[in-house]
2 protein chains.
Amino acid sequence: MTGQVRTVDGRVAGRRGQATRQKLLDCLSEMLSSSPYRDVKVIDVARRAGTSPATFYQYFPDVEGAVLEIAEAMAKEGAGLTELVAGRSWVGKAGRQTAEDLVEGFLTFWRKNDAILRVVDLGAAEGDKRFYKIRMKILNSVNNSLADAIKDLQSRGKVDKEINAAAVAGSLVAMLASVAGHQKGFQSWGVKQSELKPSLTLLVHLGVTGKKPAK
Amino acid sequence: MTGQVRTVDGRVAGRRGQATRQKLLDCLSEMLSSSPYRDVKVIDVARRAGTSPATFYQYFPDVEGAVLEIAEAMAKEGAGLTELVAGRSWVGKAGRQTAEDLVEGFLTFWRKNDAILRVVDLGAAEGDKRFYKIRMKILNSVNNSLADAIKDLQSRGKVDKEINAAAVAGSLVAMLASVAGHQKGFQSWGVKQSELKPSLTLLVHLGVTGKKPAK
DNA sequence: CGGTAAGCTGACGGCATGACAGGACAAGTG
DNA sequence: CACTTGTCCTGTCATGCCGTCAGCTTACCG
């Protein structure tokens, strides 16, 4: 329980304050979508929100702090990605469908939140634990479910026991995240969106089960 | 041939000038390793290089411009990654070795250049074509070779023809790049470095050939 | 209506940016 | 050795953003 929203100087934010705060977050979000992270300035965010820089600093310690806030909200939503994998079958036609749904859901989520996810990715890669934790929170939901699926298949003798479930699951999730983040990039390789999904589906299915998906 | 190195105002740089320029690039590199990209300031780079900000601006239009320079140099080196795949066998024991070498070489390269690669990745994800091109230059060398290998296997009937070679190769390369960039991150999932490589090797081999690698 | 706390902003010192002109320096020339 | 030439570096300056504070306005409550 975080309890109440507070300003930097300790006051509790009322209805109006929370609205302003939210507006700043929204404007920052838009800003991140339209200009490089490095060039996002407090003054621009404030201007766009129709307020002053001083107001921004009343609610957030700095740009990074506000970004963390946005990311946290997104992570909460992203935890729902678990359902794409948890409790689903990896056998036969159903297995193919599971892989397909996972890829589809993942790409959609990533595209929807690409701007903020870019920044989270950078922060995590730079070693910032706070960003790191958020990235984990999102990927973990899928990663753990995938690892469980692999372990389950292992216990039933359908997959080599010497395989490290967590490592394979993590690599697959990293693949999904990376491809999702550079979706546009694939076009330069002459790969269209529509061709990307089947390939990812194939790789995910192969990675989890060791076998090609059923038609 | 770019010909001569030039300053921002058009003069050709002599020996001393090039040394200063290089020193600035080196210091910027160190800076990127030790502090977040967003916080790297021209004045800090200049101070570290024992010179003044004005000197920096004589050789580079801004921080981004200098970063591009460093990235370009790295890309040249990275083009050598082709040799990890080109002309190598994907059959039997040799195939396993190919996958292993590819993973090893890739991870090593990435770790060596992680700071600059982070920035390139961000720039590319943000849609900056210049960064994009550099990222391509590095990944292309591996990607094309991988795609060729898959096509070759397809033509010999060893892999399904309906698979899109470029898409699969691209996804595998993206996976390698992403895992390499978040190597530390896997530790939080309880995955050690030593366990990561076999898993990646497995996935790469599976992706290319559709079969598990031979022991 | 007066008190209190929330909400906002103008203004300010500090620092980074980016441009310029001019000084320092090395190398070649007579 | 003085002089010239072209490279190289820096002092300085206008501009603009950062981050903070005091103080003003607004909303709520008894």
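Within every chain, numbering begins at 1; the chains are lettered A, B, ... in the order of the sequence lines, protein sequences first and strands thereafter.
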Out of D:dT10, C:dG18, C:dT9, whichever nucleotide has its closest atom nearest the side chain of A:T51: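 Nearest listed nucleotide: C:dT9.
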Applying the salt bridge (Lys or Arg N to Asp or Glu O under 4.0 Å) test to B:E69, which of B:K76, B:R130, B:R21 qualifies?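 Only one option passes, and that is B:R21.
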Report the distance from atom [atom1] of [X] to atom [atom2] of [N], rounded to the nearest whole Å.
X     : N      : atom1 : atom2 : answer
B:M31 : C:dA16 : CE    : P     : 11 Å
A:Y57 : C:dC12 : OH    : P     : 19 Å
A:R38 : D:dC18 : CZ    : P     : 13 Å
A:R47 : C:dC8  : CZ    : P     : 18 Å
A:D9  : D:dA22 : CG    : P     : 12 Å
A:Q58 : D:dT26 : CD    : C1'   : 13 Å
A:K41 : C:dA16 : NZ    : P     : 12 Å
B:F56 : D:dC8  : CZ    : P     : 17 Å

Give, for atom OG of A:S171 and atom CG of B:L200, the distance between the pair rounded to the nearest 0.5 Å.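 Atom-to-atom, A:S171:OG and B:L200:CG are 4.0 Å apart.
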With heavy atoms under 4.0 Å as the rule, sort A:Y59 into base, sugar-phosphate or nothing.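 Result for A:Y59 = sugar-phosphate.
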Under 4.0 Å: is that the gap between some side-chain N or O of A:T55 and OP1 or OP2 of C:dT9?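 Yes, because at least one side-chain N or O of A:T55 sits under 4.0 Å from OP1 or OP2 of C:dT9.
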Just to confirm, is there a sub-4.0 Å distance from OP1 or OP2 of C:dG7 to any side-chain nitrogen or oxygen of A:T20?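 No, because none of the side-chain N or O atoms of A:T20 sits under 4.0 Å from OP1 or OP2 of C:dG7.
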Just so I know, are the side chains of A:V119 and A:I70 near enough to count as touching, which here means a heavy-atom distance under 4.5 Å?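 Answer no - side chains too far apart.
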If you assign each of B:S52 and A:D62 to its closest nucleotide in DNA chain D, which residue comes earlier from the 5' end?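 Closest to the 5' end, via its nearest nucleotide, is B:S52.
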Using 4.0 Å as the upper bound for N to carboxylate O, is an ion pair formed by A:K112 and A:E77?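 Answer for the salt bridge query: yes.
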